[in-house]
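All remarks here apply to the structure that follows.
Reminder, nothing fancy here: chain letters follow the sequence lines and each chain counts from 1. Heavy-atom basis, side chains included; hydrogens, waters and symmetry copies ignored. Quick caveat: nothing in here was measured; it's all calculated off a predicted structure.
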Amino acid sequence: MQIAQVIVDIPTSQTNNPFSYLIPDNLSGQVSPGMRVQVPFGPRKITGFIVAITDRSEFQGKLKPISSLVDLYPVINQELLELATWMAGQTYSFKINCLQTMLPGGMRTKFKKKLIAKSDQIRDDNPQIFAGQNEVDYDRAHYSSNLLSQILNLQKTDQIKVEYELTIHAKPVMMAAFKRQMTPEALKAESQHVRSNAIAQQHLLKLLLDHPDEQFLQSKLNQKGISSSTTRVAEQRGWIKKTQVRQIRNPFLRSVKKSQPLKLNADQQAAVSQINSATSTKQNQIFLLEGVTGSGKTEVYLQSIAHALSLGRTALMLVPEITLTPQIVGRIRSRFGDQVAMLHSALSNGERFDEWQRINSGQAKVVVGVRSAVFAPLTNLGLIIIDEEHDSSYKQADNPRYQTRDVAKWRAAYHHCPVVLGSATPSLESRARAMKGVYRLLRLPHRINRHALPHVSIIDMKIEMAKHHSALSTALSTAISDRLAKHEQIILLLNRRGYSSFLMCRDCGYVPRCPNCDISLTMHKDTGTLDCHYCGHKEPIPRVCPQCHSKRIGHYGMGSQQLEEQVKEMFPTARVLRMDVDTTRRKGSHEAIIDKFGAHKADILLGTQMIAKGLDFPEVTLVGVLNADSALAFPDFRSSERTFELLTQVSGRAGRADKTGEVFIQTFNPDHYAIQLAQTQDYERFYATEMRVRHDGKYPPYYFTVKLTGSSPNENQTAAEMYAILNFLKANLSKMAIILGPTPKTITRINNRYYYQIIIKYQNEPHLKAVLDQVLLKSQKKQRHGLQIAIDNEPLDFM
DNA sequence: AGCACGCCGACT
DNA sequence: GTCGGCGTGCTC
């Protein structure tokens with residue numbers, strides 16, 4: 001007897017091990033590992049993933065059979081099944097969550113529970129439940145406890161039936177298609193009978209006679225003026241036969257011209273040949289490709305991918321979330337054409353599903369995508385590239401909290417292929433590994449065509465603010481006027497959305513705060529609301545101070561909206577474009593703004609971080625960073641690294657073509673090393689300085705770290721539980737482990753939950769994994785009291 | 001997750 | 001005496 005081992009869709013530690021189910025005769029031979037199935041689980045039906053098929057089970061009790069199949073083919077291959085097991089352990093999360101993360105959104109299953117009255121009498125006797133319908137959706141939240149017990153009773157007395165309806169959002173698009181049914185002779189005869197003014201019918205007959213073996217899509221026929229009503233008539237008369245054809249949605253909006261490999265300089269050539277030789281010899285080598293902006297990293301990627309393809313293998317290229325702009329995808333597609341699949345968050349569920357299908361079926365050989373694309377079901381991988389490897393979007397913020405780099409390394413080890421980590425400003429972790437020889441360092445120290453780096457000036461805003469209260473320093477506004485006069489373009493960067501403006505009463509100092517979170521509300525002039533960026537709470541902007549009724553309540557701080565207004569006021573003739581979370585929310589608007597600015601239909605582009613990365617505008621000769629320190633102000637050990645990265649990156653935006661660029665960095669900390677060293681783009685000295693800071697502070701990469709966050713609606717309970725965990729950790733870890741906390745988080749209350757955290761820093765703790773697994777297990781029992789524990793292995797920040 | 005079983009307070 | 005509160009454990 002064949003038995004399926006199933007990871008069921010119930011996120012608890014008890015279900016981290018598979019449950020055994022019998023494979024019924026009617027399904028035998030059809031099931032294989034990686035398929036999803038519907039199984040009985042207690043009184044309910046749920047979905048699960050088959051992870052193995054065995055001929056015996058450890059389980060002593062009676063086995064139930066699988067109810068039905070969700071998939072007709074495996075959606076998770078053997079490699080990814082193994083990866084899920086590793087990842088669950090690595091990230092302290094449940095296997096089921098890892099498996100689900102690997103599938104494109106929209107392929108996830110949802111159950112709808114339905115109540116069905118067994119007779120009209122029963123329906124009419126229970127109007128509160130059925131409201132005259134024979135079948136209703138069951139929604140627990142909508143029923144009173146009285147009604148719930150009533151439903152339970154009806155169920156026990158077998159008067160109603162409960163059904164579980166499975167829904168999957170992503171479905172293939174089917175399109176009607178038609179094939180000739182009659183012989184050409186018969187069709188000719190038909191055309192005699194058709195009225196001469198039935199133009200569409202005549203047209204269709206002619207098409208069928210001219211192309212007797214073609215399959216006509218309805219969409220194609222529509223273009224020729226043959227509507228579905230015509231085809232319906234034709235079908236009735238037996239001219240044609242209707243079938244359904246699967247359509248692949250095409251997320252690539254524009255076609256691209258084919259491009260040829262560029263000539264490499266010596267450094268690029270050296271990098272490409274080392275990577276290619278690792279691919280050829282199936283070496284699981286990790287490369288750190290360090291190259292300043294404009295040094296031609298992308299061409300190295302492209303030629304390494306080409307080599308992997310030439311060996312009949314596939315390639316995966318990962319890019320940061322906001323970088324996946326048409327500019328980059330276009331370059332990849334122009335080289336590799338339709339072999340490229342793209343996976344990113346701007347795709348609709350349907351588009352993502354279709355792209356995933358093209359990968360799973362082996363049609364697509366190159367995948368370009370964001371974080372989650374690291375799970376692309378490519379087989380026979382020959383190369384994995386992670387561009388801008390230091391980028392924070394590679395770490396998933398919620399469960400499973402995986403680091404894309406680590407998943408990529410696991411997959412590369414599985415496939416015996418190289419990984420290329422590329423960056424102008426590598427993370428300290430990666431660079432330190434390269435120095436130790438764990439990774440191989442490849443360098444591209446020169447800008448292509450020997451363009452000079454832009455001239456960077458640092459402006460001390462302490463001095464500026466003593467003179468005036470404008471967001472733009474005198475030097476920067478003079479430079480803007482100058483560029484506007486020369487018809488050159490300008491980028492203004494406002495660091496961080498959180499720096500946006502808030503409301504304050506000038507008489508009593510009252511600041512409106514979120515009722516659910518410990519944070520002040522942010523002003524949004526366009527919607528006329530005060531918003532909380534943590535829980536989404538919104539309220540209207542008050543005209544008078546709610547506390548002292550003064551009318552002198554106004555905004556403080558500088559958001560991108562205010563900046564836009566100020567810039568327009570100062571330079572009334574300039575065409576200004578703003579790009580931030582608010583203006584790019586709509587699908588395609590990000591692209592539209594980039595296109596517009598690229599076509600020089602605007603003079604000034606202002607916005608947040610998202611304009612700093614990956615964009616290439618040759619006409620930009622001036623970049624202004626308005627508040628370089630706001631990242632520095634964060635109470636976190638990575639804030640210097642973040643600041644240096646950002647400043648280096650934006651500076652690279654200026655003067656890429658034949659015009660030399662100029663960069664102004666406005667700051668209140670002109671002497672800070674992250675700002676000083678960004679001025680000269682001196683990564684080497686930054687690395688050395690920052691490593692010393694990390695060493696002295698016992699931070700990564702010198703120490704490994706784990707962050708434990710506990711939260712509950714009751715602050716005292718949260719604190720008490722975290723102290724209990726602290727004691728448990730102290731008792732079970734070595735004396736060498738550094739345990740910090742518990743401390744309330746920077747924003748202690750979010751959505752009426754109180755957050756406390758413990759940080760563990762360690763160099764060698766062989767039992768850590770086992771100890772933390774126990775913490776997690778114990779906390780499961782306490783979850784009923786509202787306590788939640790999250791374990792973040794190697795967190796990006798300590799906040 | 002959700003449902004059943006089990007042990008203590010206010011009701012016909 | 002019982003109905004029902006929700007605290008605990010299990011689901012192949």
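- The separation between A:Lys45 atom NZ and C:dC12 atom P is 13 Å, rounded to whole Å.
- The separation between A:Gln788 atom CD and B:dA1 atom P is 9 Å, rounded to whole Å.
- The CG-P distance, from A:Asn16 to B:dA1, rounds to 14 Å in whole Å.
- Legend: residues meeting ring pair (Phe, Tyr, Trp, His ring centres under 6.0 Å) with A:Phe41, ordered by chain and number and at least two apart, are A:Phe19.
- In this structure, A:Ile10 atom CD1 and B:dC3 atom P are separated by 11 Å, rounded to whole Å.
- In this structure, A:Leu63 reaches the sugar-phosphate backbone alone: every heavy-atom distance under 4.0 Å involves primed, P, OP1 or OP2 atoms, never a base.
- If you take NZ of A:Lys62 and C1' of C:dC12, they are 11 Å apart, rounded to a whole angstrom.
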Salt bridge (charged side-chain N to carboxylate O under 4.0 Å, His left out) evaluation trace for A:Glu355 with A:Arg358: CA-CA 5 Å; A:Glu355 287 294 271; A:Arg358 288 178 56 223; 2.8 Å; yes
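- Going from atom CD1 of A:Ile50 over to atom C1' of C:dC12 covers 13 Å, rounded to whole Å.
- Geometric assessment of A:Lys95 against the ring of A:Phe49 yields a negative cation-pi assignment under the 6.0 Å and 45° thresholds.
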Distances for protein N or O near nucleotides 6-9 of chain B N or O, under 3.5 Å:
none

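- A:Tyr402 and A:Phe375 have their aromatic ring centers within a separation under 6.0 angstrom.
- Side-chain contact annotation: A:Asp391 with A:Ser393, donor-acceptor N/O pair under 3.5 Å present.
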Could you tabulate the donor-acceptor pairs under 3.5 Å formed by side-chain atoms of residues 750-760 of chain A, not counting sequence neighbours?
unit_1	atom_1	unit_2	atom_2	d
A:Asn752	OD1	A:Arg749	NH1	3.1
A:Asn752	ND2	A:Asn516	OD1	3.2
A:Arg753	NE	A:Ser711	OG	3.2
A:Arg753	NH2	A:Ser711	O	2.9
A:Arg753	NH2	A:Ser711	OG	3.3
A:Arg753	NH2	A:Gly786	O	2.8
A:Tyr756	OH	A:Glu715	OE2	2.8
A:Gln757	NE2	A:Phe798	O	2.7

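- Distance CD (A:Gln783) to C1' (B:dG2): 14 Å, rounded to an integer number of Å.
- The residue A:Phe41 sits close to a base: some heavy atom pair falls under 4.0 Å.
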When you look at A:Gln38 and A:Thr47, which way does the side chain to side chain donor-acceptor pair (under 3.5 Å) test go after all the steps? CA-CA 4 Å; A:Gln38 229 183 112; A:Thr47 45; over 6 Å; no
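- Shown here are the ring pair (Phe, Tyr, Trp, His ring centres under 6.0 Å) partners of A:Tyr414, two or more places apart in sequence or in another chain: A:Trp410.
- If you measure from atom CZ of A:Arg44 to atom C1' of B:dA4, you get 12 Å, rounded to the nearest angstrom.
- Checked against salt bridge (charged side-chain N to carboxylate O under 4.0 Å, His left out), A:Arg36 has the following partners two or more places apart in sequence or in another chain: A:Asp71.
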Kindly give the atom pairs (protein nitrogen or oxygen, nucleotide nitrogen or oxygen) under 3.5 Å for nucleotides 8-10 of chain C.
unit_1	atom_1	unit_2	atom_2	d
C:dG9	N7	A:Arg784	NH1	3.4
C:dG9	O6	A:Arg784	NH2	2.8

